[in-house]
2 protein chains.
Amino acid sequence: MTNQKTTIVDVAAKAGVSFGTVSRVINNDVHVRPATRERVLQAMEQLGFVANRQARSLAGGKTGAIGLLVPDLGTGYIGEIIRGIDAELTLQELDLILYTTHRTASKEANYVANLAQGMVDGLLLVLPRNPADYVGTLTQRNFPFVLIDHQGTGKECPAVGATNWQGAFDAAEHLLKLGHRRIGFITGSMDLGCAQDRLAGYRAALRTHHVPYTEELVYEGTFFQPDGFTGALALLDVPDPPTAIFASNDVMAMGAMDAIRQRGLRIPDDIAVLGFDDIPQAEMVRPALTTIQQPLEKMGRVATQMLLDLLEAPESKIQRIELPTKLIIRDSCCPRQGSYADAHNAAYSA
Amino acid sequence: MTNQKTTIVDVAAKAGVSFGTVSRVINNDVHVRPATRERVLQAMEQLGFVANRQARSLAGGKTGAIGLLVPDLGTGYIGEIIRGIDAELTLQELDLILYTTHRTASKEANYVANLAQGMVDGLLLVLPRNPADYVGTLTQRNFPFVLIDHQGTGKECPAVGATNWQGAFDAAEHLLKLGHRRIGFITGSMDLGCAQDRLAGYRAALRTHHVPYTEELVYEGTFFQPDGFTGALALLDVPDPPTAIFASNDVMAMGAMDAIRQRGLRIPDDIAVLGFDDIPQAEMVRPALTTIQQPLEKMGRVATQMLLDLLEAPESKIQRIELPTKLIIRDSCCPRQGSYADAHNAAYSA
DNA sequence: AGTTTTCATGTAAACGCTTACAAAGACAGA
DNA sequence: TCTGTCTTTGTAAGCGTTTACATGAAAACT
């Protein structure tokens, strides 16, 4: 364990060189004689020297940390992404500074301002609320950052996301092919690009299969579990209620399952339920939830790699990567009851 | 959004004072005339000034950040704790620097060394692996830290945990009162204090109810889901297999449930399953898992508060807080089959 | 051998702030 | 009005680094 306060000056004294040389060793400067380097390294070892991060970054170097801004920590969703980020960062010996905005847009801009002001070398923004407020400044100042899971509505900027539209399309199509015609949809927070895309994917699937879109079957939620519960209740109350409910994320799907059960209906026999995300719980819930898998951990990894690239070559071309989603079929959906022929037909028509 | 680089000198110029006065305003020094303070505040506002953290801490102040060391991010377990920590920290406008040791003891000591070397003002250590390596140094240097969920086997140090012994005792007793006599137990990583305590609680309950302890009913796991699976399989294979399985945490309990189902047995009718932690999934799994609730989020909060106290009054008395666990009865346990009378008797005998 | 080039090393200034100390006002008591 | 005290403000040094520049020694030329 390191001693109270060992500075490069101490190391320099011990190694019999000037502190400048020590600094060069730390920074892997080529202009150090191998023998000298060795001597310095030994001194550092013996003294248990650890370079002071604050001083390094103040003096113009890098901070060795990247900032991560997330809306909250409530669901497994963010956790998965963080795992991916953490895995990549650990490889690079970079620190992770975590900020939770608690879904407050104003805090978001605030944090970004603070962080970009020297706390970190780069920024990872998960599910940003209103990135428009700061991406401009960030880009202009050439500060490296990557958006995760956000469809930039405006400017081009580095981002990684999933094929939300396609995923929702696949999900809805799966239900359609199972013979469902009345498919309830519970949206996410509609100010988020991903939520919009999922709704669009759902609508597109209906259109493709010539099933009319009705607003009464769409309930606007906010990605939280209670919305799934109340949403499902509302959907079950419409005249000619849906035979399937597609929720924009897994936790809302689970909320919906609770509501359906509370009404005394069976899943999937009476109502099919389909989610989005494939969080760990999706597999454990009973019946196991059929859902659209988002490669969350991978999104975290890829975003981090992009950021690291940006850190090395700040001028490299901005890009937006969309990772493919995947339909995971489990036990929460089955063909529409008493209409297997229908389902079969639907699956192979247009 | 803040401009490129605004320093206290800029603010001072704008406000017509010296930079020293600006610094005083930042640090809420009493020796500033109200009018002057106001002027400085305005200048700061107009310039969008944000004090540079690195510089502040370098110059002797606090870093305004606390470090959090966790073993991993895999299970919801840590996530819950982090939520509590984050909630408290946000209130204090402190930053969170997150480190993942990936369950490597050596990394742990390493990180602690680095962090204590000026990166952060205090340290929160979740499920520390071998704290003995560094608590000595930390204490000696009077560096504020709090251990979360670790039974300090050795020295006294600030820590918060749960009543693991009592929790396991309650759990085992619950099963005993339901009439179970052959109760399988799957341990956690036995190098962790909490795992030891849980085993001890289980044994104590057996003893209290005059049920013999047999080693063949104890399977040593490591807190990961696969251990639950293989553990349950092993336990079902012993002659006169258990009628109930108590796993040292929920994810292992879920692994056990999978194994039991795979054997074609019903839960809870054929085998009762009981977990520990009450992670969010416990409620969602079917049958819903009866478990011992650990107040994880609260543990995070309490630990953070302790750390904040320590930060303010470094000399305050060390303390170890144990938060009570609670038996949460759900659907994964029922009286031992065909022996309700037994169960009833057991419940009210010594 | 003398001169230039190269490379390793030392030195000083700067990064943006805190803080002890000095200086200058303000104000009271005599 | 003068002295002493208290309060506000300015100033300089220093926190532990990096980095541009200067220096000196060794190596490579002629």
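Source: prediction; values computed, not measured. Order of the sequence lines fixes the chain letters, A, B, ..., with proteins taken first and strands second; residue numbering starts at 1 for each chain.
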Correct closest heavy-atom pair for B:Met299 and B:Ala162 would be SD-CB, 4.1 Å

dist B:Leu91:CG -> B:Arg301:CZ (nearest 0.5 Å) comes out at 7.5 Å

Just how far is it from atom CG of B:Asp191 to atom OG1 of B:Thr222, taken to the nearest 0.5 Å? 9.5 Å

Under 3.5 Å, is there a donor on one side chain and an acceptor on the other for A:Thr100 and A:Asp72? no

Before accepting this row, confirm whether a basic side-chain N of the pair A:Asp95/A:Arg53 lies closer than 4.0 Å to the acidic partner's carboxylate O. yes

Pairs under 3.5 angstrom, nitrogen or oxygen only, protein versus nucleotides 14-18 of chain C, please.
| from | atom 1 | to | atom 2 | distance (Å) |
| --- | --- | --- | --- | --- |
| C:dC15 | O2 | A:Leu58 | O | 3.3 |
| C:dC15 | O2 | A:Ala59 | N | 3.1 |
| C:dG16 | N2 | B:Ala55 | O | 3.4 |
| C:dC17 | OP1 | B:Asn52 | N | 3.2 |
| C:dC17 | OP2 | B:Ile8 | N | 2.6 |
| C:dT18 | OP1 | B:Asn27 | OD1 | 3.2 |
| C:dT18 | OP1 | B:Asn27 | ND2 | 2.9 |
| C:dT18 | OP1 | B:Arg56 | NE | 2.9 |
| C:dT18 | OP1 | B:Arg56 | NH2 | 3.4 |
| C:dT18 | OP2 | B:Ser23 | OG | 2.5 |
| C:dT18 | OP2 | B:Asn27 | ND2 | 3.4 |

Establish, with yes or no, whether the OP1 or OP2 oxygen of C:dA8 is under 4.0 angstrom from a side-chain nitrogen or oxygen of A:Thr36. no

Once rounded to the nearest 0.5 Å, what's the spacing between atom CZ of A:Arg83 and atom CD of A:Glu297? 5.5 Å

Hey, which of B:Leu192, B:Leu127, B:Leu125 is the one that makes side-chain contact (heavy atoms from CB on, under 4.5 Å) with B:Pro71? B:Leu127

With distance as the sole criterion, is a donor-acceptor pair present between the side chains of A:Tyr134 and A:Glu108 under 3.5 Å? yes

Compare every heavy atom of A:Ile26 with every heavy atom of A:Arg56, then report the nearest pair and how far apart it is. NH2-CG2, 3.7 Å

Walk along DNA chain D from 5' to 3' and tell me the first and last nucleotide with an atom closer than 4.0 Å to a non-hydrogen atom of chain B. D:dT8 to D:dG16

Quick one: pull up OH in A:Tyr111 and CG in A:Leu123 and give me the separation to the nearest 0.5 Å. 12.5 Å

Which atoms of nucleotides 4-7 of chain C (N or O only) lie under 3.5 Å from a protein N or O atom, and what are those distances?
none

